[in-house]
Protein chains: 2
Amino acid sequence: MDLLERLRDAGWRLTPQRRVVAEALQEVGGHLTAEEVYLRARERLPEVSLATVYNALNELAAMGQVLCLATDGAKKYDANAHVPHQHLACVRCGRLADVRARGEDHLRLPAKERRGYELLSVEIVFKGICPDCRARGN
Amino acid sequence: MDLLERLRDAGWRLTPQRRVVAEALQEVGGHLTAEEVYLRARERLPEVSLATVYNALNELAAMGQVLCLATDGAKKYDANAHVPHQHLACVRCGRLADVRARGEDHLRLPAKERRGYELLSVEIVFKGICPDCRARGN
DNA sequence: TTCGATGCAAAAAGTTTGCAGCGAA
DNA sequence: TTCGCTGCAAACTTTTTGCATCGAA
């Protein structure tokens, strides 16, 4: 089931601008900054504005339909929210990759550790140095 | 062993400004934004500048002596880098709490999933709604 | 028809940088 | 004495907001 279908089912008001934002996220599948989403959306609909892209991304993130990752400077948006996965982030250049960890199903926060929070999800980010940064020395 | 000792051992040049930054982080123990560190540092040394606070925080984070958490808008700095722990973040207000999860010692990234990255650490953030935001309705 | 989404531009928020001078080791 | 840290102010990046208008449902 693709992102646009899921959004329609969620009753999200669908405008041409919002459609190209969703399409940009879906077509890449990976992790895009707001700026990157904006550039791709604009290829399809030149009059879309950056503010509208931010509005749409914030709503999608609040709905839980896309993930918002804030590892380094700029936030990145991930359309794969419906497929459980973890991330691998380069501490040098900020590059992100999707991964599947082992043992994540045993990861639990005991009730006494919940501090009254209502739990929604767990985000797991492995940090390291990507092959390119390693090759580039240090 | 406190933060200042660890920094001295690491050969970090210690100036009055850097000292009050480290002291501010240590005295609170929790999670502070750069601005909060700045305000606290300034109570002890009024002429310290925000740029210097950012310089110091960035160096400390790069050294691995403090953790930098970028869950929401502003980055937060955590002096407890030498004690393994996870975080619990409120998706509404951004409040952070330290927690200890169960099963985290079994969490592994299989070699075939490492994509050539050199692994350094794992960051685990539980997301939820804090008691205050729940009380405040929805 | 209605109410929410949009574009634009301006502002806010967060962070980094350049440079001359100062001070920790 | 030296090299790196500092303050200041300005620049930069990222994100949000106000408001009049437009269009999806």
Side-chain angles (χ1 to χ4, degrees), chain A residues 4-5 7-25 31-42 44-63 65-66 68-77 91-94 96, chain B residues 4-5 7-24 31-63 65-66 68-77 91-94 96:
Chain A
L4 282 170
E5 277 182 80
L7 295 175
R8 191 191 325 279
D9 288 357
W12 201 52
R13 189 169 191 161
L14 198 52
T15 65
Q17 293 85 347
R18 288 172 168 212
R19 169 176 281 104
V20 293
V21 167
E23 285 173 350
L25 282 168
H31 313 94
L32 297 174
T33 62
E35 185 75 25
E36 288 164 345
V37 171
Y38 172 54
L39 293 175
R40 284 178 176 275
R42 213 169 45 172
R44 294 158 177 268
L45 186 70
E47 49 282 343
V48 75
S49 82
L50 182 54
T52 293
V53 169
Y54 270 106
N55 286 340
L57 290 174
N58 285 342
E59 288 192 28
L60 292 172
M63 294 166 70
Q65 296 290 353
V66 311
C68 175
L69 311 209
T71 357
D72 58 350
K75 289 175 184 158
K76 301 204 176 154
Y77 298 86
V91 298
R92 297 263 206 284
C93 68
L96 273 182
Chain B
L4 282 170
E5 277 182 79
L7 296 175
R8 191 190 327 278
D9 288 357
W12 201 51
R13 188 169 192 163
L14 200 51
T15 66
Q17 294 86 344
R18 288 171 167 213
R19 170 178 281 103
V20 294
V21 166
E23 285 172 351
H31 313 92
L32 297 174
T33 62
E35 185 76 26
E36 287 165 346
V37 171
Y38 171 55
L39 293 175
R40 283 179 176 275
R42 212 169 46 170
E43 287 173 12
R44 293 158 178 268
L45 187 70
E47 50 281 344
V48 75
S49 81
L50 182 56
T52 295
V53 169
Y54 271 107
N55 287 340
L57 289 174
N58 285 342
E59 287 193 28
L60 291 172
M63 293 166 72
Q65 296 290 353
V66 310
C68 176
L69 309 217
T71 359
D72 58 352
K75 288 175 185 159
K76 301 207 175 152
Y77 298 86
V91 297
R92 297 262 206 283
C93 68
L96 272 182

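Every chain is numbered from 1 and lettered A, B, ... according to where its sequence line falls, protein lines coming before strand lines. Just so it is clear, the values below take in all heavy atoms, side chains as well, and ignore hydrogens, waters and symmetry mates.
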Task: Between C/dC8 (C1') and A/Y38 (OH): distance, integer Å - done: 10 Å

- [ ] Test for a donor-acceptor pair under 3.5 Å between the base of C/dA24 and the side chain of B/R13, counting only N and O atoms.
- [x] yes

Open item on the list: Taking only side-chain N and O atoms of A/T52, does any of them lie within less than 4.0 angstrom of OP1 or OP2 on C/dA5?
Closed with: no

- [ ] Would you confirm whether A/K76, through its side chain, and A/L96, through its main-chain N or O, come within 3.5 Å as a donor-acceptor pair?
- [x] no

Open item on the list: Does C/dA5 have OP1 or OP2 under 4.0 Å away from a side-chain N or O of A/R18?
Closed with: yes

Task: Residue A/A51, side-chain atoms from C-beta onward, closest of D/dT15, C/dC8, C/dT16 - done: C/dC8

Open item on the list: Taking only side-chain N and O atoms of A/Q17, does any of them lie within less than 4.0 angstrom of OP1 or OP2 on C/dG7?
Closed with: yes

- [ ] For A/N58 and C/dA5, give me the distance from atom CG to atom P, rounded to whole Å.
- [x] 13 Å

Task: Length of the CG-C1' vector between A/L39 and D/dT14, whole Å - done: 14 Å

- [ ] Tell me whether the OP1 or OP2 atom of D/dT14 has a side-chain N or O from A/T33 closer than 4.0 Å.
- [x] no

Task: Validation row: B/L4, B/L14 side chains within 4.5 angstrom (heavy atoms) - done: yes

Open item on the list: Using the rule given for side-chain contact (heavy atoms from CB on, under 4.5 Å), can you reason through B/N58 versus B/Y77, listing the C-alpha separation, both sets of side-chain angles and the distance that settles it, and then say yes or no?
Closed with: CA-CA 10 Å; B/N58 285 342; B/Y77 298 86; 3.9 Å; yes

Open item on the list: What is the separation between atom NZ on B/K76 and atom P on C/dA13, rounded to the nearest whole Å?
Closed with: 16 Å

Open item on the list: Quick check on DNA chain C: between A/A56 and B/K75, whose nearest nucleotide comes earlier from the 5' end?
Closed with: A/A56

Task: Gap between atoms CD and P, on A/E47 and D/dG23 respectively (whole Å) - done: 10 Å

TODO: Output yes when at least one side-chain N/O atom of A/Y54 is less than 4.0 Å from OP1 or OP2 of D/dT16, else no.
DONE: no

TODO: Using a 4.0 Å heavy-atom cut-off across all strands, classify A/E35 as base, sugar-phosphate, or nothing.
DONE: nothing

Task: Matching residue for B/L39 among B/E36, B/R42, B/E43 - test: side chain to side chain contact (heavy atoms under 4.5 Å, CB included) - done: B/R42

Task: Whether A/R18 side chain and A/A56 backbone form a donor-acceptor pair below 3.5 Å - done: no

Task: Value in whole Å for how far the C1' atom of D/dT14 lies from CG of A/L69 - done: 16 Å

- [ ] Measure the distance from CG on B/L50 to P on D/dA11 and round it to the nearest whole Å.
- [x] 17 Å

- [ ] Would you tell me if any nitrogen or oxygen in the side chain of A/T15 comes within less than 4.0 Å of OP1 or OP2 on C/dT6?
- [x] yes

Task: A/R42 CZ to C/dC8 P, straight-line distance once rounded to whole Å - done: 10 Å

Task: Residue-phosphate contact under 4.0 Å: B/N55 side-chain N/O, D/dC5 OP1/OP2 - done: no

TODO: For B/G73 and for A/W12, locate the closest nucleotide of DNA chain C by heavy-atom distance; then report the residue assigned to the nucleotide nearer the 5' terminus.
DONE: A/W12

Open item on the list: Taking the minimum atom-to-atom distance to the side chain of A/A74, which one of D/dA25, D/dT14, C/dG14 wins?
Closed with: D/dT14

- [ ] Answer yes or no: is there a side-chain heavy-atom contact under 4.5 Å between A/L60 and A/L25?
- [x] yes

